[in-house]
*Asks:* 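Sharing a structure below in structure tokens format, with a few things to ask.
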Amino acid sequence: MQPAQDYFVQLLTKALVAGASGRPVPVINETQLMEQDLGVHEMIRGKKVDVYWMGTDAERERKLRPIRIPLDRGLIGHRRFIIQKRMQGAFDGVMDLKVLSSYSACQGVEWPDTKVLRMAGLKVREITSFERIFQEVASLRCEYFPRGYFEGYSEVEQRKATYPDLMFYENLILEYPFALYFFVNPKDEELARWIELGLEKMIDDGSFVKHMEGHPLTKVAFPLNKVKKLRWIHIENPQMPAGTDYKNPRYWFQPDDFK
């Protein structure tokens with residue numbers, strides 16, 4: 001199992017256990033890897049998928065039932081870049097959005113953050129295959145691949161034999177409000193409340209953050225202030241649903257957490 005898959009499966013399992021209230025905890029059976037839009041379709045059909053974790057936007061929240069607790073406390077919206085090692089000097093010189101806009105990003109097809117980047121004036125190439133994105137960056141058909149605050153470490157490590165010249169550039173953060181949520185079919189309100197209750201209990205007893213600090217996918221990001229002299233570029237995310245309370249420290253990391 002890939003680290004990202006394992007992170008969310010473990011978190012979902014812990015939430016179901018925490019919120020069970022005496023109910024038998026269901027066994028989580030993983031489906032085959034599918035693109036996010038297909039996952040949305042299957043959840044609406046109510047056939048193959050009961051729970052799917054993915055980035056939110058207003059359209060997805062209209063179609064599905066979101067559990068509005070960000071599964072990484074918003075770190076996914078703190079983007080650092082997978083780049084070619086020989087591009088490090090160039091990115092050392094990126095101080096603002098104008099300079100960053102002279103480079104091209106690679107993103108997956110129909111990813112919600114693709115629109116966020118484009119609406120901020122950044123150049124984006126959409127790639128159909130996740131694995132092909134690494135090939136595109138390695139061959140400089142695009143100069144950077146924005147990843148969540150922690151994602152790039154394991155992704156580069158897993159592919160170092162194939163793409164030894166890739167690196168995760170830590171010193172620059174492209175930041176915008178963004179959240180990964182668990183989603184269920186709108187008819188599965190009982191399941192949604194169960195997961196929600198479990199996640200809330202994990203926040204209360206500290207096991208949510210402990211999960212992040214202990215899991216191989218996310219523990220490399222801690223402590224959040226380990227990289228000194230971070231450069232920040234902030235952009236807006238017009239696709240975030242109205243009322244998303246990303247300044248609430250109960251659910252979201254705040255700027256002071258990185259200092």
*Asks:* Should Val220 and Ser154 count as side-chain neighbours, where that means a heavy-atom distance under 4.5 Å?
*Replies:* no
*Asks:* Got more than 12 heavy atoms from elsewhere within 6.0 Å of CD, Glu131?
*Replies:*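 Buried by this count: over 12 neighbours within 6.0 Å.
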*Asks:* Scan residues 175-259 for pairs that pass disulfide (SG to SG under 2.5 Å), counting only residues two or more places apart or in two chains.
*Replies:* none
*Asks:* If we only count heavy atoms from C-beta on, is the Leu12 to Ile195 side-chain gap below 4.5 Å?
*Replies:* yes
*Asks:* Decide yes or no on ring-ring contact (aromatic ring centres under 6.0 Å, His included) for Phe258 and Tyr149, but give the supporting numbers first.
*Replies:* CA-CA 11 Å; Phe258 297 85; Tyr149 198 79; 5.3 Å; yes
*Asks:* Sort and list the pairs that fulfil salt bridge (Lys or Arg N to Asp or Glu O under 4.0 Å) and have at least one residue in residues 112-125, not counting sequence neighbours.
*Replies:*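 Of all non-adjacent pairs touching residues 112-125, those that pass salt bridge (Lys or Arg N to Asp or Glu O under 4.0 Å) are Arg79-Asp113, Arg118-Glu126, Arg125-Glu136.
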*Asks:* Measure the shortest side-chain to side-chain distance between Leu100 and Phe91 over non-hydrogen atoms and say whether it is less than 4.5 angstrom.
*Replies:* yes
*Asks:* Give, for atom NE2 of His215 and atom CZ of Phe8, the distance between the pair rounded to the nearest 0.5 Å.
*Replies:*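 His215 NE2 to Phe8 CZ: 9.5 Å, rounded to 0.5 Å.
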*Asks:* Give the intermediate values and the outcome of side chain to side chain contact (heavy atoms under 4.5 Å, CB included) for residues Leu75 and Thr218.
*Replies:* CA-CA 10 Å; Leu75 281 185; Thr218 45; 5.8 Å; no
*Asks:* What residue among Lys160, Arg80, Arg147 forms salt bridge (Lys or Arg N to Asp or Glu O under 4.0 Å) with Glu155?
*Replies:*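 So, applying the salt bridge (Lys or Arg N to Asp or Glu O under 4.0 Å) to Glu155 and each of Lys160, Arg80, Arg147, only Arg147 qualifies.
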*Asks:* Checking the side chain of Arg73 only, and the main-chain atoms of Arg250 only, is there a donor and an acceptor separated by less than 3.5 Å?
*Replies:* yes
*Asks:* Where do Arg68 and Glu61 land on the salt bridge (Lys or Arg N to Asp or Glu O under 4.0 Å) test, with the steps shown first?
*Replies:* CA-CA 10 Å; Arg68 291 189 180 92; Glu61 293 199 21; 2.8 Å; yes
*Asks:* Taking C-beta and beyond as the side chain, do Pro255 and Lys247 meet within less than 4.5 Å on heavy atoms?
*Replies:* no
*Asks:* With clusters defined by side-chain heavy atoms of hydrophobic residues (ILVMFWY) lying less than 4.5 Å apart, directly or transitively, does Val124 cluster with Met119?
*Replies:*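 No, separate clusters.
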*Asks:* Please determine whether residues Leu122 and Val99 belong to a single hydrophobic cluster, defined as Ile, Leu, Val, Met, Phe, Trp and Tyr linked transitively by side-chain heavy-atom distances below 4.5 Å.
*Replies:*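 The answer is yes; both residues are in one hydrophobic cluster.
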*Asks:* One thing to verify: whether Glu189 and Arg193 come together as a salt bridge, which I'm taking to mean a side-chain N less than 4.0 angstrom from a carboxylate O.
*Replies:* yes
*Asks:* If you compare all heavy atoms of Pro70 against all heavy atoms of Phe208, which two are closest, and at what distance to 0.1 Å?
*Replies:* O-CZ, 3.5 Å
*Asks:* Mind checking what makes salt bridge (Lys or Arg N to Asp or Glu O under 4.0 Å) contact with Lys259, not counting sequence neighbours?
*Replies:*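 Counting only residues at least two positions away or on another chain, Lys259 forms a salt bridge (Lys or Arg N to Asp or Glu O under 4.0 Å) with Asp256.
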*Asks:* For the CD1 atom of Ile83 and the CD atom of Glu143, what is their distance to the nearest 0.5 Å?
*Replies:*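 Reported to 0.5 Å precision, the distance equals 10.5 Å.
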*Asks:* With sequence neighbours excluded, what pairs up with Gln158 under the side chain to side chain donor-acceptor pair (under 3.5 Å) test?
*Replies:* none
*Asks:* Would Leu166 and Lys85 satisfy side chain to side chain contact (heavy atoms under 4.5 Å, CB included), going step by step from the backbone distance to the final call?
*Replies:* CA-CA 6 Å; Leu166 294 184; Lys85 290 177 181 177; over 6 Å; no
*Asks:* Looking only at the side chains, is there a donor atom on one of Asp92 and Tyr169 sitting less than 3.5 Å from an acceptor on the other?
*Replies:* yes
*Asks:* Can you name the ring-ring contact (aromatic ring centres under 6.0 Å, His included) partners of Phe168, sequence neighbours left out?
*Replies:* Tyr153
*Asks:* Is any side-chain heavy atom of Val9 closer than 4.5 Å to one of Trp53?
*Replies:* yes
*Asks:* State, to 0.1 Å, how close Gly19 and Leu197 come at their nearest heavy-atom pair, and which atoms those are.
*Replies:* O-CD2, 3.9 Å
*Asks:* Relative to the ring of Phe183, is the ring of Tyr181 parallel (under 30°), tilted (30 to 60°) or perpendicular (over 60°)?
*Replies:* tilted
*Asks:* Not counting sequence neighbours, which residues clear side chain to side chain donor-acceptor pair (under 3.5 Å) with Asn225? List them please.
*Replies:* none
*Asks:* Just checking Phe222 against Phe150, ring centres under 6.0 Å apart?
*Replies:*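 Distance test on ring centres: not under 6.0 Å, no.
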*Asks:* Distance only, no hydrogens: is a donor on one side chain within 3.5 Å (strictly under) of an acceptor on the other, for Gln84 and Tyr163?
*Replies:*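 No, because no side-chain N or O of Gln84 sits under 3.5 Å from a partner of the opposite role on Tyr163.
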*Asks:* May I ask you to check whether over 12 heavy atoms, not counting those of Lys226, lie within 6.0 Å of atom NZ?
*Replies:* yes
*Asks:* Would you say Val109 and Ile127 make side-chain contact, with heavy atoms under 4.5 Å?
*Replies:* no
*Asks:* For the pair Asn237 (side chain) and Phe178 (backbone), establish whether a donor and an acceptor sit closer than 3.5 Å, ignoring hydrogens and angles.
*Replies:*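 No: the side chain of Asn237 does not pair with the backbone of Phe178.
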*Asks:* I need the full list of disulfide (SG to SG under 2.5 Å) pairs touching residues 97-174, with sequence neighbours left out, sorted by first then second residue.
*Replies:*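 Listed once each, the pairs are Cys106-Cys142.
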*Asks:* Among residues two or more places apart or on two chains, list those pairs meeting disulfide (SG to SG under 2.5 Å) that have a residue in residues 143-187.
*Replies:*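 Every pair satisfying disulfide (SG to SG under 2.5 Å) with a residue in residues 143-187: there are none.
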*Asks:* Evaluate the criterion side chain to side chain contact (heavy atoms under 4.5 Å, CB included) for residue pair Leu191 and Arg65; output intermediate values, then yes/no.
*Replies:* CA-CA 10 Å; Leu191 176 60; Arg65 165 57 159 98; over 6 Å; no
*Asks:* Contact between Met54 and Trp111 at the side-chain level, heavy atoms closer than 4.5 Å - yes or no?
*Replies:*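 Sidechains of Trp111 and Met54: no contact.
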*Asks:* Applying side chain to side chain donor-acceptor pair (under 3.5 Å) as the test, list every pair that has at least one member in residues 8-19; sequence neighbours left out.
*Replies:* Asp6-Gln10, Lys14-His211
*Asks:* According to side chain to side chain donor-acceptor pair (under 3.5 Å), who are the partners of Glu213, at least two apart in sequence or on a separate chain?
*Replies:* none
*Asks:* To the nearest 0.5 Å, what is the distance between CD (Glu59) and CG (Leu64)?
*Replies:* 9.5 Å
*Asks:* Taking Gln135 for the side chain and Arg132 for the main chain, is one N or O donor matched with an acceptor at less than 3.5 Å?
*Replies:*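 Flag not set: sc Gln135 to bb Arg132 has no pair under 3.5 Å.
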*Asks:* Side chain to side chain contact (heavy atoms under 4.5 Å, CB included) between His78 and Tyr176: does it pass, once the steps are laid out?
*Replies:* CA-CA 7 Å; His78 296 71; Tyr176 49 91; over 6 Å; no
*Asks:* Between Tyr144 and Tyr103, is the ring-ring contact (aromatic ring centres under 6.0 Å, His included) condition met? List the steps.
*Replies:* CA-CA 8 Å; Tyr144 66 105; Tyr103 299 106; 7.2 Å; no
*Asks:* Nearest 0.5 Å, what's the CG-CG distance between Asp72 and Leu180?
*Replies:*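 Atom-to-atom, Asp72:CG and Leu180:CG are 5.0 Å apart.
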*Asks:* Which pairs with one or both residues in residues 163-180 pass salt bridge (Lys or Arg N to Asp or Glu O under 4.0 Å), sequence neighbours excluded?
*Replies:*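 Applying salt bridge (Lys or Arg N to Asp or Glu O under 4.0 Å) to every pair that reaches into residues 163-180, excluding sequence neighbours, yields nothing.
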*Asks:* Verify the cluster assignment for Ile233 and Met95: are they in a single hydrophobic cluster under the rule of side-chain heavy atoms below 4.5 Å apart?
*Replies:*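 They do not share one cluster, since no chain of ILVMFWY contacts under 4.5 Å joins Ile233 to Met95.
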*Asks:* State, to 0.1 Å, how close Tyr7 and Leu71 come at their nearest heavy-atom pair, and which atoms those are.
*Replies:*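 Minimum heavy-atom separation between Tyr7 and Leu71: OH-O, 2.8 Å.
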*Asks:* Has the side chain of Asp257 got a donor or acceptor atom that lies under 3.5 Å from a matching backbone atom of Gln254?
*Replies:* yes
*Asks:* How would you list all residue pairs meeting disulfide (SG to SG under 2.5 Å) that involve residues 175-259, not counting sequence neighbours?
*Replies:*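 For residues 175-259, and leaving out neighbouring residues, there are no disulfide (SG to SG under 2.5 Å) pairs at all.
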*Asks:* Looking at every heavy atom in both Pro177 and His234, which two are closest together, and how far apart are they?
*Replies:* CD-CE1, 4.2 Å
*Asks:* Of the non-hydrogen atoms in Met202 and Ala18, which two are nearest, and what is the gap between them?
*Replies:*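 Closest approach of Met202 to Ala18, heavy atoms only: CG-CB, 4.2 Å.
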*Asks:* Pro241 versus Thr56: any side-chain heavy-atom pair under 4.5 Å?
*Replies:*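 In short, these two side chains touch, coming nearer than 4.5 Å.
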